[in-house]
Structures are given as C-alpha cells and as structure tokens.
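Some notes on the structure that comes next.
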Amino acid sequence: MTDRLPHEKGFHISWDQLHRDSRALAWRLDGQGPDNGAWRAVVAITRGGMAPAMIVSRELDIRIVDTIGVKSYHHQDQGQAEVLKAPDAELMGDGEGVLIIDDLVDSGKTLELVRQMYPKAHFATVYAKPKGRPMVDTFITEVSQDTWIFFPWDMALQYVEPYRGTD
Ligand SMILES: O=P(O)(O)OC[C@H]1O[C@H](OP(=O)(O)OP(=O)(O)O)[C@H](O)[C@@H]1O
Ligand SMILES: [Mg+2]
C-alpha cells in the first residue's frame with residue numbers, strides 16, 4: 001500500500017453511505033442491459049465488490065451471482081494483478097449481458113485484467129479515481145487520485161478528543 005501514498009485526503013464511507021451509493025449505481029444500471037435492457041448475471045470482484053454486488057443484484061432482482069477473485073501486487077511503480085478464482089466459464093462466455101461490480105477503480109489495473117477476459121461485460125464501480133476512469137463503464141462518485149477511500153468494513157467507531165482538547 002505504501003506505493004499508493006502519499007494520500008493527502010481521506011474519504012470515510014459509512015455503511016449507510018455505501019448502501020445509498022450502491023443503490024444509486026443499481027438504479028443507473030437498470031434497463032441498460034443488452035437483452036431488452038436486462039442483465040444475465042452479476043459478478044463481484046472479491047473481496048471489495050461483494051457488498052456493492054449484493055445490493056445491486058437485490059435492487060435489480062438478479063438471482064445469478066458469481067465471483068472473480070483478483071489479487072493485486074504493487075512493487076514500486078510496477079503493478080501486477082492475478083486471478084485467484086475465476087467465475088463459471090459457461091455462465092460468462094465473452095461477458096455479454098454480465099454486470100461486473102467492484103467497490104472502486106483506482107489505477108485501473110484490476111479492471112484492465114478482468115476486461116481482457118470478458119471484453120463484452122459491463123464494468124461498474126461505486127467509486128472511481130481519474131486514472132482508472134477509462135476502465136469503468138458506469139460509476140457513481142469520483143474522488144481525486146490523492147484521496148484514500150476508507151470503506152466501512154475497514155473501520156470501527158472510536159473515541160476522539162474534543163476539538164478544544166481537555167485539561
Ligand atoms: O484499480 P486498482 O488500482 O486495481 O485498485 C482497485 C482494486 O483494489 C482494491 O482491491 P484489493 O486488491 O485491495 O483487494 P480486496 O478487494 O480483497 O480488498 C479494490 O477493491 C479494487 O478491487
Ligand atoms: Mg478489490
């Protein structure tokens with residue numbers, strides 16, 4: 001993660017905000033599929049894409065849900081992504097009619113790899129940074145490249161000192 005630093009800003013997302021933004025993503029995707037507006041299946045890029053994919057599949061009443069597991073390596077300025085678990089090949093085909101969902105696109109390396117595998121799939125993320133934007137078809141909120149997004153599953157409620165401090 002250190003090669004992604006320095007991140008000048010932090011964008012902290014609550015479960016409620018993630019739910020609202022994922023719902024907004026679902027509504028934007030509704031009726032946009034290639035088969036009379038319908039989508040055949042939802043595929044989550046694990047692990048971060050699982051919560052948004054669950055919400056999208058629920059909103060759009062899509063019962064066929066699969067996962068693709070991608071591991072990313074970041075050594076200095078080199079990045080490599082590797083598929084650890086592929087979705088069902090018969091279901092996927094070339095990706096036509098399949099919604100592939102992730103929590104965010106940052107450098108775009110994860111989506112670039114998955115796009116090579118399923119060129120006709122539709123790629124959607126809840127959040128996007130400018131570098132990765134060309135890799136994503138639909139997203140909800142853009143944040144600057146120097147912003148680190150903190151997701152609710154990586155955070156906990158914690159005491160903070162009052163603004164004026166204590167004696
Ligand atoms: O656009 P990129 O630079 O490829 O970065 C975006 C990816 O990085 C994060 O996943 P991560 O590899 O940290 O794994 P996780 O989803 O299991 O947390 C995030 O969930 C995206 O999948
Ligand atoms: Mg991820």
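Bear in mind the structure is a predicted one, so any value in this text is a computation, not a measurement. Just follow the structure's listing: the first ligand is 1, and inside any ligand the first atom is 1.
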*Take the angle between the ring planes of Tyr127 and Phe11 and call it parallel below 30°, perpendicular above 60°, tilted in between.*
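Tyr127 and Phe11: perpendicular rings.
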*At a 4.0 Å threshold, what atoms of ligand 1 neighbour a non-hydrogen atom of Leu104?*
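Within the 4.0 Å cut-off of Leu104, ligand 1 contributes 6 (C), 19 (C), 21 (C).
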*Report, in ascending order of atom number, the atoms of ligand 1 lying under 4.0 Å from any heavy atom of Asp103.*
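Once the distances to Asp103 are compared, the set is 19 (C), 20 (O), 21 (C).
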Pair [X] + [Y], salt bridge at N-O below 4.0 Å:
X	Y	answer
Glu82	Lys71	no
Arg28	Asp137	no
Lys9	Asp146	yes

*Determine, considering heavy atoms only, which of Thr46, Asp102, Thr110 sits nearest to atom 22 (O) of ligand 1.*
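The nearest heavy atom belongs to Asp102.
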*If you measure from atom 3 (O) of ligand 1 to every heavy atom of Ala44, Ala81, Ser107, which option wins on shortest distance?*
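Of the listed residues, Ser107 has the closest heavy atom.
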*Does the N or O separation between Ile45 and ligand 1 drop below 3.5 Å for any pair?*
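So ligand 1 has no N or O lying under 3.5 Å from an N or O of Ile45.
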*Nitrogen or oxygen of Val70 less than 3.5 angstrom from that of ligand 1*: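 Between Val70 and ligand 1, no N or O pair is found under 3.5 Å apart.
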*asked:* Is it the case that the side chains of Asp16 and Ser14 hold a donor-acceptor pair, with the cut-off being a distance below 3.5 Å and no angle test?
replied: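 Looking only at side-chain atoms, Asp16 and Ser14 do not form any donor-acceptor pair under 3.5 Å.
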*Report yes or no: do Thr67 and Lys85 form a side-chain donor-acceptor pair below 3.5 Å?*
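Yes - a donor-acceptor pair under 3.5 Å links their side chains.
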*asked:* Taking only non-hydrogen atoms of Gly132, do any sit less than 4.0 angstrom from ligand 1?
replied: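 Flag not set, Gly132 not near ligand 1.
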